[in-house]
Amino acid sequence: ANSRVETQRAHLMILHAKLKAETPLAGADVEWLAKLGAEYGVQSDDLAELLNRVDIMPPSLALAQSAVESGWGTSRFAQEGNAPFGQWTTNEYDGLVPRSREAGKTHKVRAYKTINDSVASYLRNLNTHRAYRKFREARAAYRSKGLPLDSLTLAKALKSYSETGDHYIKLLKQVIRGNN
């Protein structure tokens with residue numbers, strides 16, 4: 001999933017440089033930008049926001065989240081639904097109903113055909129959902145300074161991923177540090 005996004009980002013940066021140099025884009029590039037914008041929920045002419053969204057997730061942070069969310073791969077959601085990130089869904093997608101779901105609630109944990117599908121969905125979620133805007137802003141701040149992405153610092157911006165908030169962040173950091 002990260003490789004796909006890295007390829008998209010590299011092409012986006014080339015087109016961004018062309019536009020900054022006032023070089024007209026070919027029709028295929030304009031079409032590609034339109035598709036990219038649709039995929040990431042951004043107007044294709046908003047290159048600054050596209051650059052914020054079309055970016056990778058540090059592997060150590062993704063691995064920590066999957067470990068925490070799935071109980072190190074032992075959860076029913078991970079084993080039966082290839083869902084190590086525990087992403088919620090509605091009736092639109094296949095999913096597993098949590099056994100302890102409160103009465104009147106309708107959410108499920110989305111199920112996937114493959115782990116790769118789950119990882120791609122997780123990355124798309126972080127790169128598009130409004131709840132993770134602060135994460136994208138923090139990641140963009142690293143990019144603007146030419147710094148490598150720091151999983152421990154970026155973890156702080158994922159407070160809204162879990163109902164446990166600060167405890168969740170602390171746990172993610174422990175998993176990242178403890179597993180180097």
Side-chain angles (χ1 to χ4, degrees), residues 1-9 11-12 32-70 75 77-78 81-98 101-102 105-144 149-173 175-176:
N2 266 348
S3 293
R4 178 177 182 271
V5 172
E6 281 177 327
T7 300
Q8 290 175 323
R9 184 174 177 82
H11 189 66
L12 178 59
W32 183 85
L33 274 175
K35 286 180 182 176
L36 190 70
E39 180 179 343
Y40 285 88
V42 178
Q43 293 295 319
S44 61
D45 61 347
D46 189 351
L47 294 184
E49 184 58 23
L50 270 172
L51 284 168
N52 279 346
R53 291 182 181 219
V54 182
D55 206 345
I56 65 165
M57 181 66 166
S60 59
L61 186 50
L63 289 168
Q65 283 195 274
S66 68
V68 169
E69 292 292 328
S70 71
S75 74
F77 306 118
N82 290 314
F85 299 101
Q87 294 183 93
W88 285 16
T89 190
T90 58
N91 289 332
E92 183 178 348
Y93 296 103
D94 289 335
L96 302 169
V97 175
R101 184 173 73 180
E102 293 177 31
K105 300 283 183 171
T106 60
H107 70 279
K108 301 179 286 185
V109 173
R110 187 163 172 197
Y112 300 89
K113 290 183 181 179
T114 68
I115 290 288
N116 288 344
D117 292 342
S118 177
V119 174
S121 176
Y122 158 79
L123 187 54
R124 184 174 41 260
N125 185 28
L126 292 176
N127 282 337
T128 61
H129 197 282
R130 67 184 178 278
Y132 309 115
R133 181 181 48 80
K134 288 182 181 179
F135 168 78
R136 292 189 296 272
E137 289 171 354
R139 184 177 60 186
Y142 275 92
R143 294 295 192 199
S144 71
L149 301 178
D150 181 307
S151 293
L152 292 170
T153 303
L154 290 174
K156 296 175 194 173
L158 290 173
K159 193 177 195 177
S160 62
Y161 198 90
S162 170
E163 293 175 340
T164 62
D166 288 329
H167 175 74
Y168 182 71
I169 301 309
K170 183 178 178 182
L171 190 54
L172 287 179
K173 289 179 171 185
V175 170
I176 292 168

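All values below were derived from every heavy atom in this structure, side-chain atoms included, with hydrogens, water molecules and symmetry-related copies excluded. Source: prediction; values computed, not measured.
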Q: Would you please name every residue forming a ring-ring contact (aromatic ring centres under 6.0 Å, His included) with His167, sequence neighbours left out?
A: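 Counting only residues at least two positions away or on another chain, His167 forms no ring-ring contact (aromatic ring centres under 6.0 Å, His included).
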Q: First locate atom CH2 of Trp88, then atom NZ of Lys105, and finally report the distance between them rounded to the nearest 0.5 Å.
A: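 Result: 6.5 Å between the selected atoms.
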Q: Just how far is it from atom OG of Ser3 to atom CD of Gln8, taken to the nearest 0.5 Å?
A: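 With rounding to 0.5 Å, OG (Ser3) is 11.5 Å from CD (Gln8).
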Q: Could you go step by step and tell me if Leu158 and Leu61 meet the side-chain contact (heavy atoms from CB on, under 4.5 Å) rule?
A: CA-CA 10 Å; Leu158 290 173; Leu61 186 50; 3.7 Å; yes
Q: With Tyr132, which residues qualify under ring-ring contact (aromatic ring centres under 6.0 Å, His included), at least two apart?
A: His129, Tyr161
Q: Side chains of residues 41-49: which donor-acceptor partners sit under 3.5 Å, not counting sequence neighbours?
A:
unit_1, atom_1, unit_2, atom_2, d
Asp46, OD1, Glu49, N, 3.2
Glu49, OE2, Arg53, NE, 2.8

Q: Work out which heavy atom in Leu50 is nearest to a heavy atom in Gly37; give both atom names and the distance.
A: CD2-CA, 4.0 Å
Q: Atom CD1 in Ile56, atom CG in Leu126: separation rounded to 0.5 Å?
A: 12.5 Å
Q: For a quick test of reading the model, state the closest non-hydrogen atom pair linking Ala131 to Ser160 and the distance between them.
A: O-OG, 2.9 Å
Q: List the steps and the verdict of side-chain contact (heavy atoms from CB on, under 4.5 Å) for Asn127 and Val54.
A: CA-CA 7 Å; Asn127 282 337; Val54 182; over 6 Å; no
Q: Identify which one of Val68, Thr164, Asp166, Ile176 satisfies the side-chain contact (heavy atoms from CB on, under 4.5 Å) criterion when paired with Leu171.
A: Val68
Q: Quick one: CG on Leu152 to CG on Leu172, what's the gap to the nearest 0.5 Å?
A: 10.0 Å
Q: Using the salt bridge (charged side-chain N to carboxylate O under 4.0 Å, His left out) criterion, which residues pair with Arg9? Sequence neighbours excluded.
A: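 Scan of Arg9 (salt bridge (charged side-chain N to carboxylate O under 4.0 Å, His left out), adjacent residues dropped) gives Asp55.
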Q: For Lys35, which residues count as a salt bridge (charged side-chain N to carboxylate O under 4.0 Å, His left out) partner, sequence neighbours excluded?
A: Glu31
Q: Report yes if the side chains of Lys113 and Asn82 come closer than 4.5 Å at any heavy-atom pair, otherwise no.
A: no
Q: With a 4.5 Å cut-off on side-chain heavy atoms, are Glu69 and Tyr168 touching?
A: yes
Q: Run the side-chain contact (heavy atoms from CB on, under 4.5 Å) test against Ala111 and tell me which residues pass, sequence neighbours left out.
A: none
Q: Which heavy atom in Val109 sits nearest to a heavy atom in Ala83, and how many Å separate them?
A: CG1-CB, 4.2 Å
Q: The criterion is ring-ring contact (aromatic ring centres under 6.0 Å, His included); which residues satisfy it with Phe85, sequence neighbours excluded?
A: Tyr122
Q: Once you round to the nearest 0.5 Å, how far does CZ of Arg133 lie from CD of Glu137?
A: 4.5 Å
Q: Only counting residues at least two apart or in another chain, list the ones meeting side-chain contact (heavy atoms from CB on, under 4.5 Å) with Asn116.
A: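 Checked Asn116 against side-chain contact (heavy atoms from CB on, under 4.5 Å); matches are Thr114.
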Q: Please identify each residue that fulfils side-chain contact (heavy atoms from CB on, under 4.5 Å) with Ser121, with sequence neighbours left out.
A: Gln87, Arg110, Tyr112, Arg124
Q: Quick one: list whatever passes side-chain contact (heavy atoms from CB on, under 4.5 Å) with Lys156, sequence neighbours left out.
A: Ile169, Lys173
Q: List for me each residue that meets side chain to side chain donor-acceptor pair (under 3.5 Å) alongside Lys134, sequence neighbours excluded, and say none if there are none.
A: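 Lys134 satisfies side chain to side chain donor-acceptor pair (under 3.5 Å) with no residue once adjacent residues are dropped.
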Q: Using the salt bridge (charged side-chain N to carboxylate O under 4.0 Å, His left out) criterion, which residues pair with Arg101? Sequence neighbours excluded.
A: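 For Arg101, no residue satisfies salt bridge (charged side-chain N to carboxylate O under 4.0 Å, His left out) once neighbours in sequence are set aside.
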Q: Compare all side-chain heavy atoms of Leu149 with those of Arg143 and state whether any distance is below 4.5 angstrom.
A: yes
Q: Please report the closest heavy-atom contact between Leu96 and Gly81, naming both atoms and the distance.
A: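 Taking Leu96 first and Gly81 second, the nearest heavy atoms are CD1-N, 3.9 Å.
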